[in-house]
Amino acid sequence: MILTVSESAFKNAEKKSAQKSLGEKLMEFLRKNLLVILTVSGVLVGVGLGMMVRSMNLTKAQMTYFAFPGEMLLRMLKMIILPLVVCSLISGAASLDTRSLGKLGGIAVAYFLVTTLIASGIGVALAFIIKPGVGAGALNTNNLGLESVSSNKETTDSFLDLARNLFPANLVAAAFRSVSVPYGTETDGMNILGLVLFAMVFGVALRKLGDEGEELIRFFNAFNEATMVLVSWIMPGNNCLYYPFIAVFDLSFLLKIVEMEDVVLLVTSLGKYIFASILGHVIHGGIILPLIYFGLTRKNPFSFLSGLITPFTTAFATCSSSATLPSMIKCVEENNGVDKRISRFILPIGATVNMDGAAIFQCIAAVFIAQLNNTELNAGQIFTILVTATASSVGAAGIPAGGIITIAIILEAIGLPTNDLSLMLAVDWIVDRTTTVVNVEGDALGAGILHHINQLEMKKQQQEGELVEVRVEAVANTQAEEETSPLVTHQTKALEAMPEAIESVL
């Protein structure tokens with residue numbers, strides 16, 4: 001009887017401890033994912049308020065008050081992009097030897113090109129299967145209350161601008177201006193491409209200096225670490241101080257909904273286009289990229305992605321790959337254990353040149369506009385869409401609505417009018433969110449793949465070093481045994497004592 005009571009008490013204690021641990025786990029989950037929950041809540045609240053205040057006739061200034069807290073978050077994130085990109089690339093390039101830098105850089109470029117080309121193929125295939133432009137005759141820029149968007153930019157000029165931006169004439173001006181046609185004029189916006197190239201080359205140059213460049217390398221390393229501290233303050237993991245501002249950030253949905261004159265017509269007419277774009281992002285981000293990661297690393301890609309919920313949420317909220325870069329670097333290093341030299345080298349490059357999600361919706365948009373204008377695309381034009389989308393995504397700005405400009409390049413390349421770009425801009429605030437998530441997912445998985453390859457190379461070098469040490473020790477032991485052998489010593493002394501006998505025998 002006493003034994004039975006003690007057993008029941010022990011079981012009750014176990015149940016209480018299990019319940020307690022379950023509650024603790026739930027609280028820990030809520031604490032870690034509070035940013036995600038509040039951001040999604042902000043989206044829903046923003047959509048609801050947007051529908052409610054449409055009839056209130058608010059002025060534009062009054063509507064901007066709702067999005068002000070989120071605007072402040074975005075401005076803080078953009079504020080640290082420049083020092084983060086420059087310092088992380090310089091310290092990353094300087095920490096790697098030239099051979100490793102060239103090998104990792106080659107693998108990264110191949111990964112970015114292949115994944116972007118696959119994304120472009122998915123976009124074109126879905127556009128021909130779903131046919132979003134068929135039956136969209138109700139679309140009219142005037143009926144939807146949209147401003148026309150025109151582009152006088154030729155395809156050749158666009159690629160010339162890409163080359164001009166790679167080599168900025170003034171580094172200070174590149175921090176807030178980029179080159180654009182006509183006649184090489186400059187427009188507002190950070191020339192991130194030129195800064196990335198300069199930072200990489202400058203880091204390699206510091207590495208070549210040897211001891212003379214060590215002090216400057218330490219300076220940029222310290223600058224980079226200080227920038228990451230700022231990132232932890234802006235996007236805290238445990239501090240909930242700024243979470244309410246995150247929650248109301250997506251009240252920018254309110255502005256977009258209020259500005260549309262006929263939301264129902266817009267969504268019903270462009271619904272197939274929106275569905276095709278989001279479906280392409282789900283296929284590429286949920287199937288293709290994880291398969292590539294698994295095939296190259298033999299690791300579970302979803303366990304890797306589970307540590308990146310915060311940057312994915314930031315990408316969804318801000319629609320900016322560049323603004324997501326600080327939190328992405330922080331989470332990749334802390335949650336997934338990626339080497340700092342790898343993450344701070346590859347992620348800034350990926351945020352600039354890797355635009356898988358953008359390539360998908362750009363290809364769908366190009367085929368959509370062709371179907372809208374009853375234009376049959378031949379094999380040559382389809383190939384042009386694939387190549388142009390892949391190549392032009394390199395220079396696409398990592399900012400909200402940055403891909404709309406790239407669509408104009410594709411349309412010019414296949415000879416389609418750019419007047420319908422305003423339709424893409426009308427729903428870009430929806431599609432651009434999943435686009436940015438796929439973009440940053442490709443960057444993160446690329447960093448994980450490079451980290452795995454780098455670890456394999458390090459293990460291989462360690463094994464080769466151990467083999468060399470074993471061989472050297474074996475040779476030394478053989479010589480030692482020969483020298484200390486009594487028989488060999490006796491024979492050697494006997495031969496040394498009778499040189500004349502040896503000569504006579506010979």
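Each residue takes its place number in the sequence, starting with 1. Side chains included, hydrogens not; waters and symmetry mates left out as well; all remaining heavy atoms used.
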Looking only at heavy atoms, what is the nearest atom pair of [X] and [Y], with distance?
| X | Y | value |
| --- | --- | --- |
| Leu450 | Ala108 | CD1-CB, 4.0 Å |
| Phe316 | Arg433 | O-NH1, 2.8 Å |
| Gly350 | Phe112 | CA-CZ, 3.7 Å |
| Ala389 | Ile410 | CB-CD1, 3.8 Å |
| Ser303 | Ser306 | O-OG, 2.6 Å |
| Val332 | Ala444 | CG2-CB, 4.4 Å |

As an exercise, state the distance from [atom1] of [X] to [atom2] of [Y], rounded to the nearest 0.5 Å.
| X | Y | atom1 | atom2 | value |
| --- | --- | --- | --- | --- |
| Leu216 | Leu209 | CG | CG | 8.5 Å |
| Leu308 | Thr314 | CG | OG1 | 11.0 Å |
| Lys299 | Ile449 | NZ | CD1 | 11.0 Å |
| Asn221 | Ser91 | CG | OG | 5.0 Å |
| Leu104 | Ile342 | CG | CD1 | 4.5 Å |
| Ile292 | Ile287 | CD1 | CD1 | 12.0 Å |

Taking C-beta and beyond as the side chain, do [X] and [Y] meet within less than 4.5 Å on heavy atoms?
| X | Y | value |
| --- | --- | --- |
| Leu289 | Glu441 | yes |
| Ser120 | Thr390 | yes |
| Val431 | Tyr273 | yes |
| Leu206 | Glu214 | no |
| Lys460 | Leu456 | no |
| Pro348 | Leu325 | yes |
| Leu89 | Phe345 | yes |
| Asn354 | Asn439 | no |

(message) Check this for me, if you would: do Arg344 and Glu225 make a salt bridge, where the nitrogen-to-carboxylate-oxygen distance has to be below 4.0 angstrom?
(response) yes
Donor-acceptor contact below 3.5 Å, side chain [X] vs main chain [Y]:
| X | Y | value |
| --- | --- | --- |
| Tyr111 | Gly442 | yes |
| Asn336 | Val338 | no |
| Ser327 | Thr324 | yes |

Between Leu445 and Leu305, is the side-chain contact (heavy atoms from CB on, under 4.5 Å) condition met? List the steps.
CA-CA 8 Å; Leu445 291 177; Leu305 295 175; 3.8 Å; yes
Exercise. Would you please classify the geometry between the Phe198 ring and the Phe202 ring as parallel, tilted or perpendicular, with 30° and 60° separating the classes?
Key: parallel
(request) Walk me through it: do Met328 and Phe312 pass the test side-chain contact (heavy atoms from CB on, under 4.5 Å)? (result) CA-CA 8 Å; Met328 177 62 74; Phe312 289 158; 4.3 Å; yes
- Query: Do the side-chain N and O atoms of His284 and Asp356 include a donor-acceptor pair separated by under 3.5 angstrom?
  - Reply: yes
* From the options Lys330, Glu333, His451, select the one residue that forms a side chain to side chain donor-acceptor pair (under 3.5 Å) with Ser343. =>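 The side chain to side chain donor-acceptor pair (under 3.5 Å) with Ser343 is passed solely by Glu333 among Lys330, Glu333, His451.
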- Message: Determine whether Thr434 and His281 satisfy the following criterion, side chain to side chain donor-acceptor pair (under 3.5 Å), listing intermediate values before the conclusion.
- Response: CA-CA 7 Å; Thr434 55; His281 294 153; 2.8 Å; yes
* To do: Test the Arg218-Phe220 pair against the cation-pi criterion, namely NZ or CZ under 6.0 angstrom from the six-membered ring centroid and within 45° of the ring axis.
  => no
Partner of Phe361 by side-chain contact (heavy atoms from CB on, under 4.5 Å), out of Ile274, Ile407, Ile278 |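 Among Ile274, Ile407, Ile278, the one that satisfies the side-chain contact (heavy atoms from CB on, under 4.5 Å) with Phe361 is Ile407.
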- [ ] Evaluate side-chain contact (heavy atoms from CB on, under 4.5 Å) for Lys103 paired with Glu457, printing each intermediate quantity in order.
- [x] CA-CA 11 Å; Lys103 185 175 182 179; Glu457 289 292 328; 2.8 Å; yes
For Ile346 and Asp443, what are the C-alpha separation, side-chain angles and deciding distance, and is it a side-chain contact (heavy atoms from CB on, under 4.5 Å)? CA-CA 8 Å; Ile346 200 63; Asp443 300 342; over 6 Å; no
